[in-house]
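The structure appears below as structure tokens.
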Amino acid sequence: MKKELPIALGLVAGLIWIITTYFTGPRWVETVHQELSKWYQLAGAYMVMVGVVNLTRVHGHRITQKKKDWMYSIVALVCMFGIMIFGIFIAKDSNNPGWKTFYSQIIAPMNATVYSTLVFYIASAAYRAFRIRNSQATILLVSALIMMLGRVPLGAMISPVIPQLADWILNVPNVAGMRGIQIGAAFGGIATALRVLVGIERGYMGGTE
Amino acid sequence: MSTNPWVWIQAFLTLALFSIIFVDNGFYKFAEHAYVGLYAGYTVVVTWFSYIRPSSQWIFRDHKYHYIIPIIIGLLIYTRYIKGWAWVSRYNMAFMVGVGAGFVLARDFKSLLLDQVRATFKPLFVSGSLLTTINNIVLVVGVVSVMWYFLFTVEKKGTAGTISSIGRVVMMVAFGSAFGNTVMARVSLFLGRLQFLLGDWLKLIQ
Amino acid sequence: MLSKIGNVDRRIIYVLLCAVIAIALIKPVGLAIKVSAETKKVYDAIDRLPPGSIVWLGFEFDAGGIPELMPAARAIIRHGFQKDIRFVCGGMWTMAGDMATMAFDAVKKDFPDKQYGVDWVNIGYRPGNTIWLDQMIKDAAAASAGVDSYGNPLADLPLMQEFTGIKDAKMMIIFVTGTPGTPEYIKTVSTPYGIPLAVSTISVEVPGTMPYINSGQVLGGVLGMKGAAEYEVLVNKPGSAVAGMDAQSFAHALIILFIILGNIGYILEKKNSVAK
């Protein structure tokens, strides 16, 4: 029963969602749909501390066990709890100047910087791994080169044909390739959703006994 | 150079995070751990501001006590951390995944499947326009052959193998296009940070 | 010696990349930017809207999307304000509210007559992903727990008297970096309710967005930094995207050069090993 009852709850919730999406006549059906949405949002919102609990457990363990680089774990925990205390008890809303400064001067730039380091890895990977080993690799390489030149002003400066070619690749063979994959993914998504709803797919429940 | 201390802090954190590309070092580790902690805390605070605090009014002001049920469902996820009670979190997962699966079944079929298939029904001969004819043939043959490539229940020999090979070629062109665009995106990200360092911090650009 | 060109130290590539982009930013050459058909479609769609129309802006990105999406967002808001379009914005990404604040803060200086609550409302981030978006279509107040991103009651904001949900929007424009993004809007809002959808994406998302533009599910796209630069040109306010396109060009040229060098090295190495 430790698995069957949760599956039944999921099935009922999912079926209510589907039924109230398609049968929209009576007012109460609309109300049930909106209420289920609210329930989903509320449940989701209260799950937000999972990240905090996980980080506290991982870094707390590293600190107590004095593992390698444990002092940086203190930085992570101080920053996490510090910003929570500042936001909830001092700033109190997102229009607070202190909060605005925090996200625009600290969190947003750090977030952008973390992602931006990828440019170095992609440049290095392109240089090392992008080899014309066979005909298909050559097609991939040529397509990439045309795209890289055609989508910047330099391409048009070299020849007006390059951006036209890039546009053609993007609008025709790219659409064909991506659409084929997306249609396959949509089939897969629908099949998985059906398996989840009827309880065949249970992997999401994890190995909790 | 900027005289704004916040700009200097931002510049220090930016350079500390960039330093990893040359060598793993203490500044990077400091910035990395600070970022992880700050982002986790930020997510909690934003959710508090935007939903948890205002929705609590439904219970405390409007006395709609039935909203305690979804809150309990949400909180059940934390039983994962209690020995012997971890299985209770399945109620939370089942509810969230169940509604999510219901959403996919209700919405994906038409918009992501039928409409995409319908958009592939193109005339294979368009009089007066050779380019459109070629484009339509490439599109239709491309989509069919890519889907064929992923059909694993058919042995890919002879004609079946040829169609599969065409699918691979079409995908290579698409992946090449994806790679080219990915490079552009990564350069743009770095550009943004360099615009800050050279502009806002060093004042070398306007 | 020549075969060594396939084995250049990665740090040399990094330094050269930094130098090329920095030089192009400090000394731009001003390469011409040609407006693409996709960007023009979005521009024309906004241009055709009657004054006073409400447009939904989905800020579906975090700070990682700022270099490509923020210039596009600013240019689109500027265009909308010039045409007396009003905006309601929000998103499924945690930073949605803060990104919207950043975009409007940058533009509102040039439009002193535009007021928060009257000409635009920032609902901000809400949890619930597509389930929230689904609820936003008909009942924005319930989906948002009755307040905007800054904690103001939605009932007190004049614009919200005319906007009860996304169904009241004449058009949706979303700024996306990934999931949730374009497919989520297509299946939740634009397909079932027929509200026109335009997208502004980071370059990574461009190939995956094209099938939706081709099928007509998305009316047009401001695609990557290129699209953002084109939109800045269209609204006659060149900004960070236009400034970045030279650097973008030279960075691409450098990466292409290294790909070519890598392949020359590879061919030479192969020849050497055959000769041995």
Side-chain angles (χ1 to χ4, degrees), chain B residues 18 21-23 39 42-43 46-47 49-58 96 99-100 102-104 106-112 114-120 139 143 174-199 204-206, chain C residues 10-11 14 17-18 21-22 25-26 28 64-68 70 94-95 97-98 123-131 134 144-147 149-151 183 186-188 190-192 202-208 211-212 214-217 223-226 240-241 243-244 247-248 251-252 255:
Chain B
F18 275 147
I21 61 165
F22 291 106
V23 65
Y39 202 92
Y42 171 86
T43 308
V46 170
T47 310
F49 285 159
S50 63
Y51 204 74
I52 296 177
R53 187 176 56 186
S55 65
S56 65
Q57 302 253 5
W58 294 334
M96 302 303 282
V99 176
F103 180 87
V104 168
R107 293 286 193 215
D108 280 25
F109 195 72
K110 183 180 184 308
S111 53
L112 301 188
L114 287 185
D115 287 351
Q116 284 295 311
V117 172
R118 193 163 52 189
T120 313
L139 189 72
V143 172
F175 293 156
S177 145
F179 181 84
N181 279 289
T182 305
V183 168
M184 187 161 189
R186 302 306 174 225
V187 172
S188 302
L189 282 170
F190 182 60
L191 251 172
R193 295 319 297 149
L194 222 50
Q195 278 173 333
F196 160 76
L197 288 173
L198 298 174
L204 292 174
I205 53 174
Q206 291 302 312
Chain C
R10 66 186 168 90
R11 284 166 294 195
Y14 298 166
L17 195 64
C18 287
I21 296 176
L25 283 174
I26 295 167
I66 288 177
E68 292 192 275
M70 199 54 85
T94 322
M95 282 197 176
D98 293 336
I123 284 173
Y125 160 75
R126 289 295 182 278
N129 217 302
T130 44
I131 305 295
D134 183 272
S144 319
V147 294
S149 188
Y150 314 115
I186 289 172
K187 63 187 179 186
T188 314
S190 70
T191 300
I202 58 164
S203 301
V204 173
E205 286 286 299
V206 172
Y212 302 118
N214 176 278
S215 65
Q217 290 169 295
L223 306 173
M225 186 176 262
K226 179 179 182 282
S240 59
Q248 186 82 253
H252 281 202
I255 293 172

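Naming: A, B, ... by sequence-line order, numbering from 1 per chain.
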#### Entry: Check: C:Gln217/B:Ser111 side-chain N/O donor and acceptor closer than 3.5 Å
no
### Query
Given a strict heavy-atom distance threshold of 4.5 Å, which part of B:Tyr39 is in contact with chain C: side chain, backbone, both, or neither?
side chain
### Query
chain C: which of B:Ser50, B:Gly192, B:Gly100 shares the most heavy-atom pairs with it under 4.5 Å?
B:Ser50
### Task
Would you mind checking which part of B:Phe190 comes under 4.5 Å of any heavy atom in chain C, side chain (CB onward), backbone (N, CA, C, O), both or neither?
side chain
### Query
So which part of B:Ile21 gets closer than 4.5 Å to some heavy atom of chain C, the side chain, the backbone, both or neither?
both
### Query
Mind checking what makes side chain to side chain donor-acceptor pair (under 3.5 Å) contact with B:Thr120, not counting sequence neighbours?
A:Arg179
### C:Thr94 side chain to B:Thr43 backbone, donor-acceptor under 3.5 Å
no
#### Entry: Part of B:Arg186 within contact of chain C (heavy atom distance under 4.5 Å)
side chain
### Message
Tell me whether C:Thr191 contacts the main-chain N or O of C:Ile186 through its side chain, where contact means a donor paired with an acceptor under 3.5 Å.
### Response
yes
## Note on the structure
Residues C:Met95 and B:Tyr42: closest non-hydrogen pair is CG-OH, 3.4 Å
### Task
Please flag which part of B:Leu139 lies under 4.5 Å from any non-hydrogen atom of chain C: side chain, backbone, both or neither.
side chain
### Task
Name the region of B:Phe103, side chain, backbone, both or neither, that has any atom closer than 4.5 Å to a heavy atom of chain C.
side chain
